[in-house]
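What you see is a predicted model, and the numbers here were worked out from it, not measured in a lab.
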Amino acid sequence: MQNSNNVVGKQSSYDEPMNSPEERVKSFISHWYEQWLQAEAKSETEKNNGQGFDFGYWRDLMSAVDKAHFLVGSGSGSDNSFGPADYDPNNEKIIECDIQGDLAQLLTELHQDEGRPSNYHAYELKLDAEKDWKITRIHTLFHPPKSPVIAPEQHADILAMSSSAAPFMNRQENLNLNEQTLFQQNRRVTIPHLDEGETKLKEVGKLQISSGILGILDFGYDIYRFEPLQRRVTPGEYLVETVTTHDRVAGIRVKLSESEQAVKWYAANTPSGNGVYGVDAGNLAIFDVANLVELSHLRKEKLFNEWSLEGKTELLSMTGQDDCVICTSGFGDGAYPAFWGVNEQDEVVSLYIDFMILVQETENGSYESI
C-alpha cells in the first residue's frame, strides 16, 4: 500500500511513459483539465455569438486525452457531455494508491466549490507491455470510496426489521397476478403493441442467503433509508430462475422450496412499503441484507458498472459468494411488484418479481397474468 497527499500537478509531456500510477493519474487530470479549459473558452465565445456548444470539437479534445492516458479500448467517457470540470489539478488530491503486481487502484478526492460535497474518483490502472502505466477505468463516487453503503450505526436496527413471524400483507387489489402462469417454458404469448413471442425459462444459479434477511432494490443508485423485506426466510442456497420474452426479463424468482409450488401470493413488502419497488437505472437486485450492510461504496459501484457492460441476469458477490442476483427490469424504469408465494399452510415457498410484461389490463383497471 502506498499513500500520497500531494495535490495533483501538471506534467511536462502527456505522451511520455509514466513510471508510476500516480504520475499517470496526475498527467491525465492535468491534460483533461487543459482540454476542458479550451472547450470552456470556445463555448463562451460561441454563446456570445448565438451558437450552440460544439460537441465535435469537445470529442476531438477528449479523444486526444483518451489516446494518451488509457489502455487501448478504454476511455474516460467524457466525450458525450460537458459541464463543470470533472477533473481539476488544483483541487483533486490523491488519497491512496494500492499496487498489486501490474495492476493498481488509485483514489482521489475532488474538492468542489463552497457548499458542494466532494467527489471521489477511483482509477484502475494496468502496466502495459512497454512498462507504461495506463488507465483502464474510472469510477466516480459521491461518498468516500471505502465507506460502507449503510452507516454502521444503522446495521443492527435494519437487521432487526425482518422477522420470520412477520405478518403477510395482502397484495394490491388491482394486481391479480399468478406466478405459475408467468413462469412457463416455451409458451406462445401475444403482448399489446408487440409481435407474438415465446417465453423462455432459464436457471441462473443458486443464491446464497446466510442471514435469511432479503432485500430488493435498484443497484444503480445510492441507498437511502434502506429497509429489508419484513418477512425473514430460512438461510440456505436457493435456485434463481428468470422468464424472458421478446429479449426482456418478464420475471425473476427465488425458489425457496425445491418441491412445492405456490398456491397464493402476498406482497413482499418492507416494514413501511407495499411490495412495489422503484427502478431508475433499469435493474432490480435481490440479495442477502447482512452482506449488503458490509458493502463499500466503491465495491458496489464496481459491481454495478461491471454488470452494466452486458446487463445479463447474473449472480454477484457483494461481501459473500453469490449473495446477490441482478437483472434488467422488463421495459426499463418504473415500479414493479414483488410477491411471496406460499403453500396451503401459508409457508413461504418462493419470492418473485413481476416486470409487468406478460400482463393485460381488464375493464375494471386490474392487471392479470397472460
- prompt: Mind checking whether Trp265 and Val240 sit in one hydrophobic cluster, side chains of I, L, V, M, F, W, Y counted as touching below 4.5 Å?
  reply: yes
message: A quick test of your reading: do over 12 heavy atoms of other residues, nucleotides or ligands sit less than 6.0 Å from CG of Asn186?
response: yes
query: Are the side chains of Ile353 and Arg253 in touch, meaning some heavy atoms are under 4.5 Å apart?
result: no
message: Between Lys300 (side chain only) and Tyr221 (backbone N and O only), is there a donor and an acceptor less than 3.5 Å apart?
response: yes
His31 ring center near His69 ring center (under 6.0 Å): yes
query: Do Asp288 and Ser211 have side-chain atoms, one donor and one acceptor, less than 3.5 Å apart?
result: yes
- request: Mind running side chain to side chain contact (heavy atoms under 4.5 Å, CB included) on Glu198 and Arg187 for me, showing each step along the way?
  value: CA-CA 5 Å; Glu198 187 174 60; Arg187 182 166 62 100; 6.0 Å; no
- prompt: Is Glu344 salt-bridged to Lys264, going by a charged N under 4.0 Å from an acidic O?
  reply: no
- prompt: How about Met161 and Gln230: do any of their side-chain heavy atoms sit closer than 4.5 Å?
  reply: no
query: Less than 4.5 Å apart, any side-chain heavy atom of Leu107 and any of Tyr120?
result: no
query: Does Trp32 reach the side chain of Met62, with side-chain heavy atoms less than 4.5 Å apart?
result: yes
message: Can you confirm whether Val65 sits close enough to Phe28 that some side-chain heavy atom of one is under 4.5 Å from a side-chain heavy atom of the other?
response: yes
- request: Would you indicate whether Gln345, at its atom CD, is surrounded by more than 12 heavy atoms from other residues, nucleotides or ligands within a distance under 6.0 Å?
  value: yes
- prompt: What distance separates Asp132 CG from Lys126 NZ, expressed to the nearest 0.5 Å?
  reply: 12.5 Å
- request: In sequence, state the C-alpha distance, the side-chain angles, and the governing distance for Glu44 and Lys47, and then conclude on salt bridge (Lys or Arg N to Asp or Glu O under 4.0 Å).
  value: CA-CA 5 Å; Glu44 287 299 318; Lys47 188 185 300 181; 3.6 Å; yes
query: How about Val349 and Val342: do any of their side-chain heavy atoms sit closer than 4.5 Å?
result: no
statement: For Glu227 and Ser272 the tightest heavy-atom approach is OE1-OG, 2.8 Å
task: Using the rule that two of Ile, Leu, Val, Met, Phe, Trp, Tyr join whenever any of their side-chain heavy atoms come within less than 4.5 Å, decide whether Leu214 and Val293 are in one cluster.
output: no
- request: Report the C-alpha distance between Asp322 and Lys206 in whole Å, list the side-chain angles of each, state the deciding distance to 0.1 Å, and finish with yes or no for salt bridge (Lys or Arg N to Asp or Glu O under 4.0 Å).
  value: CA-CA 7 Å; Asp322 294 341; Lys206 296 289 186 71; over 6 Å; no
query: Is Gln35 reaching over with its side chain to a backbone N or O of Leu61, donor-acceptor style, under 3.5 angstrom?
result: yes
- request: Please test Thr319 against Arg299 for side chain to side chain contact (heavy atoms under 4.5 Å, CB included), starting from the C-alpha separation and ending with a verdict.
  value: CA-CA 9 Å; Thr319 56; Arg299 176 66 177 162; 5.8 Å; no
- prompt: Linking I/L/V/M/F/W/Y whenever their side-chain heavy atoms sit closer than 4.5 Å, directly or via other members, would Val243 and Leu175 fall into one cluster?
  reply: yes
message: Could you check whether Tyr352 and Phe183 have their ring centres less than 6.0 Å apart?
response: yes
- request: Following the transitive rule for hydrophobic clusters with a side-chain heavy-atom cut-off under 4.5 Å over Ile, Leu, Val, Met, Phe, Trp and Tyr, establish whether Val325 and Leu316 coincide in one cluster.
  value: no
task: Please say whether more than 12 non-hydrogen atoms of neighbouring residues, nucleotides or ligands are located less than 6.0 Å from CD in Glu258.
output: no
task: May I ask you to establish whether Arg171 and Tyr266 are in a cation-pi arrangement, using a distance under 6.0 Å from NZ or CZ to the six-membered ring centre and at most 45° from the ring axis?
output: no
message: Please determine whether ring pair (Phe, Tyr, Trp, His ring centres under 6.0 Å) holds for the pair His121 and Tyr87, giving the CA-CA distance in whole Å, both sets of side-chain angles, and the decisive distance to 0.1 Å.
response: CA-CA 9 Å; His121 292 124; Tyr87 308 93; 4.4 Å; yes
- prompt: What are the two closest heavy atoms between Phe82 and Glu40, and how far apart are they?
  reply: CE2-OE1, 3.4 Å
statement: Between Ile150 and His155, the two heavy atoms sitting closest are O-NE2, 2.8 Å
query: How far apart are the closest heavy atoms of Asp88 and Asn91, and which atoms are they?
result: OD2-ND2, 2.8 Å
message: Less than 6.0 angstrom separating the ring centers of Phe355 and Tyr336, yes or no?
response: yes
message: Between Asn269 and Asn274, is there a side-chain heavy-atom distance shorter than 4.5 Å?
response: no
- prompt: So which heavy atom on Ala267 is nearest to which on Asn170, and how close?
  reply: CB-O, 4.0 Å
message: For the residue pair Gln185 / Thr199, report whether a side-chain donor-acceptor contact shorter than 3.5 Å exists.
response: no
- request: Is it possible for you to check whether Arg137 lies under 6.0 Å from the centre of the six-membered ring of Tyr123, through NZ or CZ, and within 45° of that ring's axis?
  value: no
message: Can you confirm whether more than 12 heavy atoms, excluding those of Asp195, are under 6.0 Å from its CG atom?
response: no
- prompt: Got more than 12 heavy atoms from elsewhere within 6.0 Å of CZ, Arg188?
  reply: yes
field: CD (Glu196) with more than 12 external heavy atoms under 6.0 Å
entry: yes
field: Flag, side chain of Thr270 to backbone of Gly273, donor-acceptor distance under 3.5 Å
entry: yes
- prompt: Side chains of Gln321 and Gln208: is there a donor and an acceptor less than 3.5 Å apart?
  reply: no
query: Are side-chain heavy atoms of Phe219 and Leu284 found at a separation under 4.5 Å?
result: no
query: Within 45° of the six-membered ring axis of Tyr57 and under 6.0 Å from that ring's centre, is NZ or CZ of Lys42 located there?
result: yes
message: For a quick test of reading the model, state the closest non-hydrogen atom pair linking Ala250 to Thr245 and the distance between them.
response: CB-CG2, 4.5 Å
From CA spacing to verdict: side chain to side chain contact (heavy atoms under 4.5 Å, CB included), Gln105, Lys302: CA-CA 12 Å; Gln105 175 179 276; Lys302 285 186 175 183; 2.4 Å; yes
- prompt: Can you get from Met169 to Trp340 by hopping between Ile, Leu, Val, Met, Phe, Trp and Tyr side chains that sit under 4.5 Å apart?
  reply: no
query: Do the ring centers of Phe55 and Trp58 come within less than 6.0 Å of each other?
result: no
- request: Walk me through it: do Ile357 and Arg248 pass the test side chain to side chain contact (heavy atoms under 4.5 Å, CB included)?
  value: CA-CA 9 Å; Ile357 292 179; Arg248 295 178 182 274; 3.7 Å; yes
query: Taking atom types as modelled and ignoring hydrogens, do the side chains of Ser76 and Asp66 form a donor-acceptor contact shorter than 3.5 angstrom?
result: yes
